[in-house]
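Notes for the one structure printed next.
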Amino acid sequence: MIKVEWAYWLAAALFALAGLMRLRDDDAKRFGSGAFWILLAFTFVYGSWVVDGSGNAMIEGIAVIVLALLAGAGFPTKGSERTTSDAERGKLAERFGWKIFVPALLIPLVAVVIGRWGSNVKFGGNALFEIKQEALIGLAIGAIVALTGAMLLVRERHLDVPFREGNRLLGSIGWAAILPQFLATLGVLFTQAKIGDAVGDLVHKVLPNGQVFLAVVVYCVGMFVFTVIMGNAFAAFPVMTAAIGWPVLVQQFDGNPPAIFAVGMLAGFCGTLCTPMAANFNLVPAALLELKDQYGPIKAQIPTAIPLLACNIAIMYLWCIPR
Amino acid sequence: MWVLLAVGVVVVGFALRLNSMLVVTVAGIVAGLIGGLDVKQIVESFGTGFAGARSVSLFVLVLPIIGLVERYGLQQEARRLIGRLAGLTAGRLLVIYLAIRQVTAAFGLTAIGGPAQAVRPIVSPMAEAAAERTHGKLSERKREKVASYAASSDTVGLFFGEDVFFAIGSILLITGFVDTTYHLNLDPFDIAKWAIPTAVCAFVIHGFRMLMLDRQLKPIPADTDSAEVTR
C-alpha cells in the first residue's frame, strides 16, 4: 500500500537537498540557512513516528522551536541562483511553445484523478492508496509524473537542475513556506488552552435576547471575527455553533439547521480572506509571487469579504429562519 | 478569560510586522502557560501539532517542476499566449479564471489551481501581460496589485466553490460536529445546496471588482515609481 508518509519523506528529501545545496554556497549565511532546511527535513521524517505515537514528541517539539528561532534570526536566506535570463527564456518559449504548459497541467490532472477515484484501485485485495489520504498521495505522484514529463520534454540531462530551480523558489519563499504549518500548531495549543471556551463566554455576554436579526448578526460576525483570530473557520465553527447557532438560531427561532450551518461556515470563510493567520491562503501566495507587500493578497480580498459577509447575514435572516 | 492575551500577542505581533514565526511561537507558549500547561507539555504540543500538520506544507513538492518549466520559458509563453488574444484585459482574464476555479471546485476538483501550481507560473504572468498590453509598462506598485488580484481570484474561487461540493472537508466537519453533538442526521447534500446563494454573491462581487481593476490601472500622473521598473 502506498502511504501518505512516503509523500512527507519525499518532501523531507527535497528540504535536505535544498539544505545541502545551500551549504555549498560561499556566503556567510549559508550555515544557518542550510541548518534550517536540514532540521526541517528531520522534523518531516521523525514526524512519522510522532504521529503514530512511537516517537518522542519532546524531540520534535525542540526541533520545531529551534526552527522558529532560526527564522527569527533571519534564516533561511536566498542562495546562489543559476538560472536562465529573461532573454533566453523568451527564445526558449518560442522553441517549446504551448507544450511547456503540459508538465504544469499534469500535476493537477494526476492529483485530481487519484484524489477522486484512487480509493477504487485495489492491489492484492487491499486498497492501493492509504485510505482518506488519496488527495495528498495524488499530489506527490502528480509531482513525480510531471517532473519526469518535464525532464523528457526539455531534454534536460542534468538531474540536479530541477532541484536547483526548486531551491531557487524555496529560497525566495523562505520560512514563509512552513508558516501555515506553524499556525496549525498554534491552533492545537489554542485549543488546549481553551481559548474557544473563553470566546464562547464572551459571545454569551454580548448576545441580545429575543431579537432574530441581532442573533443572526452575532453568529455570522462571530464566525468572521473568530476565524480572523484563529485563521481557520473550522476552529471557529464548533465554538460559535455551540454558543449561538444551535441553542438560539435553531432551537429558539426554529432555523433550518443545514442552511444555518452552511451559511455560518461561509461567513467564517469571509474571515479567512482577511487574516494573516491563514498564511497558506494569504501570505504564501505573496511570498511565491515575490511581492514586497506581504499583505497584498489580503488587501485585494477585504473589499470582497466585507460585502460578502453582509450577503451571508441577509441570506440567513431572509431564507433560513421562518417568521 | 486571560488566555485571550495569547490572541493579543498574535494581533500585536502581526500588526507590528515582527517575524511571524517568532510571534506564533511566543503566542503558543503564552497560551499554554496561561492555560495551565507545563513547559514539557507545551514543547510536546509543538511537536505533535507540527508533525500532524505536515500536509499543509506538501505543496513544496511541485516547486522543482515549476522552477524547471520557468527556466524553459513558461512565464514568457504565458505572456505570448495572452498577446494573441486581443480584447482580453487583466480584469476579464481574472473573471474567467475565477469562474473556472469556482466551477471546478464545486465539482470537488480543488487540486486544479492553487498559488504554487497555477497562480505563480500561469495566472499572474498572464494577467500582468494583459495589463501591460492595455496600459503599457506597469509600475512596481501596479504589478504587485495585479499579482495580488490574481492570487485573490484563486482563493475566492476556491473558498466559495468548494462548499457546493458535498464531500469537501468543511461540509463533513459540519455534519460530523452537529450529528454527534446534537444527535441530528443531516444530509451533506442539503448543506452543500445552501452554499449556492453565497457562491453566486461571491462571483458577482469579486467578479465586479476584478473588472474594476482595469480602470484602477489607468496611469495616474503622480505615479512616481514607474521609472524603477526593471522586470
Side-chain angles (χ1 to χ4, degrees), chain A residues 8 47 50-51 57 60-61 64 68 71-72 83-84 89-90 92-93 100 103-104 107-108 111-112 143 146-147 150 154 162 165-166 169 175 178 180-182 184-186 188-189 193 195 198 229 234 238 258-259 261-262 266 269 276 280-281 285 288-289 291 296-297 300-301 304 307 311 315, chain B residues 1 3-4 7 14 19 21-22 24-25 28 31-32 35 43-51 53-54 56-57 61-65 67-69 71-74 76-77 109 111-112 115 117 120-121 144 147-149 151-152 155 159 170 173-174 177 186 190-191 194-195 197-198 201 205-206:
Chain A
Y8 297 135
V50 174
V51 167
E60 181 91 346
V64 168
T83 188
T84 46
R89 288 180 178 190
L92 287 163
I100 199 70
I107 304 170
V112 163
L147 182 58
V154 302
E165 296 289 340
L169 297 188
W175 51 256
I178 58 161
Q181 206 180 332
F182 251 79
T185 309
L186 180 64
V188 171
L189 274 152
I195 291 217
I229 293 171
F234 293 10
F261 299 144
L266 291 165
F269 282 16
N280 47 338
F281 296 114
L288 272 168
L289 295 167
L291 303 183
Q301 285 157 194
T304 294
C311 288
I315 291 166
Chain B
M1 218 38 101
V3 287
L4 291 176
V7 175
F14 274 112
N19 182 291
M21 298 270 283
L22 283 182
V24 169
T25 308
V43 176
E44 284 178 348
S45 294
F46 270 103
T48 47
F50 194 78
R54 285 170 296 160
V56 295
S57 302
L61 290 179
V62 311
L63 295 181
I65 300 113
L68 182 67
V69 289
R71 179 191 179 92
Y72 284 93
L74 179 80
Q76 283 69 14
E77 177 62 16
L109 306 178
I112 290 177
Q117 61 254 57
R120 168 167 173 138
E144 290 220 348
S148 296
Y149 270 59
S152 77
T155 308
F159 283 10
S170 50
L173 178 103
I174 293 175
F177 174 72
L186 295 186
D190 248 356
I191 301 175
W194 278 99
T198 307
C201 294
I205 295 170
H206 206 59

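Here is how names work: the chains are called A, B, and so on, in the same order as the sequence lines, proteins then strands, and each is numbered from 1.
Side-chain contact between B:L63 and A:L288: present, with at least one pair of heavy atoms (C-beta onward) separated by less than 4.5 Å. Between A:Y8 and B:S57 the shortest side-chain heavy-atom distance does not fall below 4.5 Å. A 4.5 Å side-chain heavy-atom check between B:S148 and A:L291 finds at least one atom pair inside the cut-off. With a 4.5 Å cut-off on side-chain heavy atoms, B:F46 and A:L189 count as touching.
Between chain B and the residues A:P307, A:A146, A:G72, A:G296, the most heavy-atom pairs under 4.5 angstrom are made by A:G72. Ranked by heavy-atom pairs under 4.5 Å with chain B, the list A:V154, A:I195, A:T83 is led by A:V154. Among B:P115, B:G49, B:A51, B:P64, the residue making the largest number of heavy-atom pairs under 4.5 Å with chain A is B:P64. For chain B, the option among A:C311, A:P238, A:A150 with the highest count of heavy-atom pairs below 4.5 Å is A:P238. Among the candidates A:P180, A:A259, A:G166, the residue making the largest number of heavy-atom pairs closer than 4.5 Å to chain B is A:A259. Highest contact tally toward chain A, considering only B:L4, B:D190, B:V24, is held by B:V24 [criterion: heavy-atom pairs under 4.5 Å]. Ranked by heavy-atom pairs shorter than 4.5 Å toward chain B, the options A:I229, A:L92, A:I100 are led by A:I100. Each of A:P103, A:P162, A:P108 has some count of heavy-atom pairs under 4.5 Å with chain B, and the biggest count is that of A:P162. The choice from B:V56, B:L109, B:L186, B:I205 that makes the most heavy-atom pairs within less than 4.5 Å of chain A is B:I205. When each of B:S45, B:A195, B:G35 is scored by its heavy-atom pairs under 4.5 Å with chain A, the top score falls to B:S45.
Both the backbone and the side chain of A:I178 come within less than 4.5 Å of a heavy atom of chain B. In this structure, chain A has no heavy atom under 4.5 Å from any part of B:P121. In this structure, the portion of A:I107 lying under 4.5 Å from any heavy atom of chain B is its side chain and not its backbone. Only the side chain of B:F177 comes within less than 4.5 Å of a heavy atom in chain A; its backbone stays farther off.
In this structure, CZ in A:F269 is found 12.0 Å from OG1 in B:T155, a value given to the nearest 0.5 Å. Atom NE2 in B:H206 sits 4.5 Å away from atom OG1 in A:T304 (nearest 0.5 Å). Taking CD from B:Q76 and CZ from A:R89, the interatomic distance works out to 6.0 Å, rounded to the nearest 0.5 Å. Once rounded to the nearest 0.5 Å, the distance linking CG of B:L173 with CZ of A:F234 reads 6.0 Å.
Nearest heavy atom pair, residue B:W194 against residue A:A262, reads CB-CB, 3.8 Å. In this structure, B:I65 and A:A143 approach most closely via the heavy-atom pair CD1-O, 3.2 Å. Between B:C201 and A:I315, the closest heavy-atom pair is SG-CD1, 4.3 Å. Nearest heavy atoms, A:A71 versus B:N19: O-ND2, 2.9 Å.
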Using the side chain to side chain contact (heavy atoms under 4.5 Å, CB included) rule, take B:R54 and A:V51 through it: C-alpha gap first, then chi angles, then the decisive distance, then the call.
-> CA-CA 10 Å; B:R54 285 170 296 160; A:V51 167; 3.4 Å; yes
Under the side chain to side chain donor-acceptor pair (under 3.5 Å) rule, what do A:Q301 and B:S152 come out as? Steps first, then yes or no, please.
-> CA-CA 6 Å; A:Q301 285 157 194; B:S152 77; 4.9 Å; no
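Every ring-ring contact (aromatic ring centres under 6.0 Å, His included) that B:F50 has, sequence neighbours left out, goes to A:F182. Under the salt bridge (Lys or Arg N to Asp or Glu O under 4.0 Å) criterion, B:E144 pairs with no residue at all, not counting sequence neighbours.
Using cut-offs of 30° and 60° on the angle between ring planes, the pair A:F281 and B:F159 is perpendicular.
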